[in-house]
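Residue numbering restarts at 1 for every chain, and letters A, B, ... go by the order of the sequence lines.
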2 protein chains.
Amino acid sequence: MQLEDYAVLINDALNRQETIVFGCHCTIRYSGRAESRLSHGDRLFIIKRDKALLIHQPHGSMPINYMKAGSTHSVVFLDGELRFKAVNGAAKESIEATISRVHFFNSASLQDGEVIELVGSERDMSDMLYSNPEMIEEGFTAASREEQTKYGFIDVFGTDKNGVLTVVECKRYGADLSAVTQLRRYVEKVMVSKGITKVRGILAAPKITENAKKMLEDWGFTFISVKPPKYLEDENKRQARLDGF
Amino acid sequence: MQLEDYAVLINDALNRQETIVFGCHCTIRYSGRAESRLSHGDRLFIIKRDKALLIHQPHGSMPINYMKAGSTHSVVFLDGELRFKAVNGAAKESIEATISRVHFFNSASLQDGEVIELVGSERDMSDMLYSNPEMIEEGFTAASREEQTKYGFIDVFGTDKNGVLTVVECKRYGADLSAVTQLRRYVEKVMVSKGITKVRGILAAPKITENAKKMLEDWGFTFISVKPPKYLEDENKRQARLDGF
DNA sequence: GGGGAGAGATGCCGC
DNA sequence: GCGGCATTTCTCCCC
């Protein structure tokens, strides 16, 4: 297979809306929101049926260059090399690659309409706390859950055992300074909206950094250690127990 | 090629540290920080030489499941299907896929030691402002740039024409509420550290949301519209000018 | 389409 | 390793 033959192969596959994968030796230039150059090396190109483009180096998790779905791709053979060009008009972005060798190539009409089911998000965490307010604090009453209240996107909003309005902010990961400032912003908004000065803030997360804890305490807020729920893990544990018998 | 033959192919390629790509019909389960399930459909599997795993649906920019570099992968043929398993981090995370058909397969020893050159980051933006303080304000004097001052990671720190201490926070994208709270946090930290009450805050970004602008003004801070630098674009423009003659 | 916030965020750099 | 923060963040949801 000659290098120029891949131009036909790629353009045909693009027209057929196939998923395209090829490994090649190339240089790459990107221009758009930022700009980048990448000198000679082996990379993996992926073009999906929705015309999303991913260019990967042979290491690392993230694409080294990419373009969103709805882009326009073309390949021409010129001066003994393939000139690949991707353009996203809406985003005013473009990628140009000069390909001097193709190591392998494949394309196929992949079909997949499935949507992933994911458990353990922050939303699941706030659902859990809303349904089990005693996990927040003894005597806590949950009033609203991740609803667009006029106070903002508050995860859980309610009153403590003393009837004090309380904002609960959930983080599925370790809480940092920005989590505290976010909570602070919500608490201040509730205070201004309600015209009151006593509003509590609770940060619920698996853990919290030292600096964030200090800032939290400076503002009189409370930290509670909560992990996001994992149904499948619970299933596995139950299964393990059953298997034990 | 029989389905079971791919087990040998994949395991051999793993041992040779090749970059592996294959399209297949499968179901996927993930368990780790969160948990997920994905029912039958066609997907693209990528395993890199550093053992990073990416699983893509035939649409969208992001992998539907993934595992970081340094994972352990294995494939066995069982009950007429391929059982793929990836494990990482002392078995804290794992992906299991049941593959009922392989549409295509490729592996190759891709080599690439190049590092991308990228222009237009926030760092480039703060460099630009530090070197050209008149872009911030007439009469501005820049004292430090993105240094680990005892006040935190302040992008540009200096004094305005009246000698008032000023914190400049850069955003390469549109500034939002969290950008304002970040600036606020730095300003407050400088005020406490220096024991003074008059510290200015300037937010430098291409644009700012309406709510963020309101909060900024409530706090007496200033917004200036600055875009991140793009050398290549400048080059192109210069080239276009030259071509015009 | 803009705004706001999460993500199995990831990756980078500094201490 | 943790911490703090940018990212060509991307994606989703809601107004």
When you check the side-chain N and O atoms of B:K48 and A:Q57, is any donor under 3.5 Å from an acceptor? no
Nucleotide D:dT9, atom P - distance to CG of A:N88 in whole Å: 14 Å
Categorize B:N211 for me: base, sugar-phosphate, or nothing, with a 4.0 angstrom heavy-atom threshold over every strand shown. sugar-phosphate
Between D:dA6 and B:Q182, is there an OP1 or OP2 to side-chain N/O distance shorter than 4.0 Å? yes
Inter-nucleotide P distance (D:dG4, C:dG8), Å rounded: 23 Å
Any side-chain heavy atom of A:T159 within less than 4.5 Å of one from A:T166? no
Taking D:dC10 as the reference, what is the distance to D:dA6 when you measure between their C1' atoms (whole Å, please)? 14 Å
Could you tell me whether a side-chain N or O of B:K92 sits under 3.5 Å from a main-chain N or O of B:V87, the two making a donor and an acceptor? no
Rounded to the nearest Å, what distance is computed from the NZ atom of residue B:K213 to the C1' atom of nucleotide C:dG4? 19 Å
For nucleotides 10-15 of chain D, just jot down a letter per nucleotide in 5' to 3' order: B, S or -, based on protein non-hydrogen atoms under 4.0 Å. SS---S
Under 4.0 Å between a Lys/Arg side-chain N and an Asp/Glu carboxylate O for A:D112 and B:R43? yes
Gap separating the CZ atom of A:R184 from the CG atom of A:L177, nearest 0.5 angstrom: 11.5 Å
Is it the case that the side chain of B:R172 and the backbone of B:G120 share a donor-acceptor pair, with hydrogens and angles ignored and the cut-off at 3.5 Å? yes
May I have the distance from A:D155 (atom CG) to C:dG4 (atom C1'), rounded to whole angstrom? 12 Å
Can you tell me if the side-chain N/O atoms of A:Y173 get under 4.0 Å from OP1 or OP2 in C:dT10? no
Within the pair A:S178 and D:dC5, is there a side-chain N or O less than 4.0 Å away from OP1 or OP2? no
Side chain of A:L177 only, please: which of C:dA5, D:dG4, D:dT7 is the nearest? D:dG4
Should we say atom NZ of B:K51 is surrounded by more than 12 heavy atoms from elsewhere, each under 6.0 Å from it? yes
Look at all strands and tell whether A:I64 reaches a base, only sugar-phosphate, or nothing, counting heavy atoms closer than 4.0 Å. base
C:dA7, C:dG8, D:dG4: which one has an atom nearest the side-chain heavy atoms of A:T209? D:dG4
I'd like to know if A:D155 pairs up with A:R145 as an ion pair, taking the criterion as any Lys NZ or Arg NE/NH1/NH2 lying under 4.0 Å from an Asp or Glu carboxylate oxygen. no
Which whole-number value in Å describes the distance from A:L118 CG to C:dG6 P? 16 Å
As a quick check of understanding, evaluate ring-ring contact (aromatic ring centres under 6.0 Å, His included) for A:F84 and A:F45, giving each step before the final call. CA-CA 11 Å; A:F84 176 91; A:F45 279 60; 5.5 Å; yes
Show me, range against range, the stems involving DNA chain C, built from at least 3 consecutive Watson-Crick or G-U pairs below 3.5 Å. C:1-7 with D:9-15, C:9-15 with D:1-7
d(CG, A:L183; P, C:dG6) in whole Å: 12 Å
Using the salt bridge (Lys or Arg N to Asp or Glu O under 4.0 Å) rule, take B:E93 and B:R33 through it: C-alpha gap first, then chi angles, then the decisive distance, then the call. CA-CA 7 Å; B:E93 302 218 301; B:R33 280 169 291 181; 3.3 Å; yes
How far does the C1' atom of C:dA9 sit from the matching atom of C:dA5, given to the nearest Å? 13 Å
Given atom CD1 of B:I116 and atom C1' of D:dT9, what is their separation to the nearest angstrom? 14 Å
Name the nucleic acid region contacted by B:S121, choosing base, sugar-phosphate or nothing; use a 4.0 angstrom heavy-atom cut-off, strictly under. sugar-phosphate
Please state the C1' separation for the pair C:dG6 and D:dT7 - nearest whole angstrom. 15 Å
Starting from P on C:dT10, measure out to NE2 on A:H59 and report it in whole angstrom. 17 Å
In terms of the nearest nucleotide of DNA chain D, which residue is placed more toward the 5' end: A:M67 or A:E210? A:E210
Looking only at side-chain N and O atoms, does A:R185 come under 4.0 Å of OP1 or OP2 in C:dG4? no
To the nearest Å, give me how far apart CD (B:E122) and P (C:dC12) are. 16 Å
Between B:S71 (side chain) and B:K68 (backbone), is there a donor-acceptor pair under 3.5 Å? yes
